Amino acid sequence: HDEALFLLLLSVTCTHVKHSLKFHAMISSGNPNIPDYMAAANFEEVEMAYYDSNMKTPEPRHALMRILIQNNQQDWEGMSEGYINYEQLLRVQTDSFKQHSNQTGGVHIIQQMLGCDWDDETEKVIGYNQYGYNGEDFLTFDLETETWIAANPQADTTKQEWDGNTANNQYWKNIVINLSSMIEICSLSPELPSVSLLQKTPSSPVSCHATGFFPHRAVMFWRKDGEELHEDVDQGETLPNHDGSFQMRVDLDISSVTPEDWRRYDCVFQLFGVKEDIVTKLDKAVIRTNEGKSEIRGDGD
């Protein structure tokens, strides 16, 4: 019981401060089109590891997980066993959902979401353990009272049963508290990008392009004389790379910028949780074009 869940959570608990981690699990019955059991671990809404009952072993879904496996194969084997074994624990825990809802036939889906979120305003870590049943909220764990909150009348009987299991409720509280501690103290370094200035032709907009950063919470903008620009700027989307990192770009229309004014412009990249910005000055010498290539990482601001 304890070992299986901790091994599951181990794959996502070491996160940089001011981020979130989540563990999702789902059991279904009566639907041949989806696996009977699925489990996934997410960091910053990015899937890190995944398993379902149609697979033989869990899969790492991100470069960080693949690095973890290379560095410690034994830990990954333990996590993999936890992903597989948690199905039985979840089935035992939620076996009462169908009986108490008088819905023993047909298609049923039970979901659990366990994790922590960092509250940007209060700078506190908020943990949660929630269950859904057939697409609707069912039960939510109240950490303060160590009791369950029923989201609808169908969940009342299960709530009363679970409220009486004080040992299990203390277990869940300890799990969430441990997650809250880990999300604050773990020191997994974010990945900073390489930043380039790109231009197709001398009359085209200059694109400030950042690639290779993680997590995906980042902003990038152009400045003139230290002030953020909104006119003559085209903001691109944040896109995933094949290795699990991200890229983004922001374009600056330079058609009305005189050569002597170029020095007044720079591009700023900011990664959430990292104090220093990556600043790239608008400079013809470092622009990458079809005619020649150059690259700059920018100066720390």
Side-chain angles (χ1 to χ4, degrees), residues 1-15 20-29 35-43 49 51-53 58 75 78-104 108-117 124-186:
H1 185 137
D2 291 15
E3 183 180 1
L5 185 57
F6 271 115
L7 288 170
L8 282 171
L9 296 171
L10 183 60
S11 61
V12 284
T13 48
C14 272
T15 63
S20 66
L21 60 93
K22 295 177 183 176
F23 167 68
H24 300 267
M26 186 182 81
I27 285 179
S28 66
S29 58
D36 292 342
Y37 168 66
M38 292 185 282
N42 292 8
F43 166 51
Y51 174 76
D52 68 46
S53 51
D75 274 358
M79 293 176 205
S80 298
E81 187 177 344
Y83 270 80
I84 297 169
N85 292 343
Y86 192 70
E87 176 182 4
Q88 185 59 33
L89 174 61
L90 187 60
R91 286 191 186 278
V92 170
Q93 282 186 325
T94 60
D95 190 51
S96 62
F97 285 17
K98 286 184 283 188
Q99 282 78 13
H100 294 162
S101 302
N102 294 321
Q103 297 175 344
T104 53
H108 300 284
I109 296 176
I110 293 170
Q111 295 169 293
Q112 181 189 20
M113 185 168 67
L114 176 71
C116 287
D117 289 324
K124 291 183 179 179
V125 178
I126 301 172
Y128 48 85
N129 184 18
Q130 302 167 344
Y131 290 85
Y133 181 53
N134 290 342
E136 297 182 357
D137 292 341
F138 199 70
L139 288 167
T140 301
F141 187 54
D142 185 333
L143 271 74
E144 297 298 322
T145 62
E146 296 182 35
T147 58
W148 295 88
I149 301 169
N152 56 64
Q154 290 182 335
D156 283 337
T157 305
T158 304
K159 166 197 158 46
Q160 292 170 19
E161 274 189 11
W162 287 17
D163 281 353
N165 191 342
T166 55
N168 196 57
N169 294 337
Q170 182 62 49
Y171 164 77
W172 282 120
K173 184 172 183 176
N174 290 338
I175 288 284
V176 175
I177 288 173
N178 287 332
L179 284 178
S180 300
S181 300
M182 290 174 183
I183 199 173
E184 291 185 275
I185 65 175
C186 286

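Remember, it's a predicted structure, so these values are computed and weren't measured experimentally.
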Measure centre to centre between the rings of Tyr171 and Trp162, then say whether the value is under 6.0 Å.
no
So which heavy atom on [X] is nearest to which on [Y], and how close?
X      : Y      : result
Glu87  : Ile27  : O-CD1, 3.7 Å
Leu139 : Ala150 : CD2-CA, 3.9 Å
Met38  : Asp52  : CG-CB, 3.5 Å
Val176 : Gly127 : CG1-CA, 3.4 Å
Ala49  : Tyr83  : CB-OH, 3.3 Å

Nearest-0.5 Å distance, [atom1] of residue [X] to [atom2] of residue [Y]:
X      : Y      : atom1 : atom2 : answer
Ile126 : Cys116 : CD1   : SG    : 9.5 Å
Gln170 : Ile175 : CD    : CD1   : 11.0 Å
Asn168 : Glu161 : CG    : CD    : 12.0 Å
Gln130 : Gln111 : CD    : CD    : 11.0 Å
Asn169 : Leu143 : CG    : CG    : 10.0 Å
Asn174 : Glu146 : CG    : CD    : 8.0 Å

Test log, rule side chain to side chain contact (heavy atoms under 4.5 Å, CB included), inputs Asn134 and Phe97:
CA-CA 10 Å; Asn134 290 342; Phe97 285 17; over 6 Å; no
Any residue meeting side-chain contact (heavy atoms from CB on, under 4.5 Å) with [X], in chain and number order, not counting sequence neighbours:
X      : value
Thr147 : Asp142, Thr145, Asp163
Asn129 : Gln112, Leu114, Tyr131, Phe141, Trp148, Trp172
Asn152 : Glu136, Phe138, Gln154, Ala155

Given Lys22 and Asp117, is the side chain to side chain contact (heavy atoms under 4.5 Å, CB included) satisfied, shown in steps?
CA-CA 8 Å; Lys22 295 177 183 176; Asp117 289 324; 4.0 Å; yes
Yes or no on side chain to side chain contact (heavy atoms under 4.5 Å, CB included) for Thr140 and Tyr128, after CA distance, side-chain angles and deciding distance?
CA-CA 8 Å; Thr140 301; Tyr128 48 85; 5.9 Å; no
Expected output: side-chain Ser28 to main-chain Pro35 donor-acceptor under 3.5 Å
yes
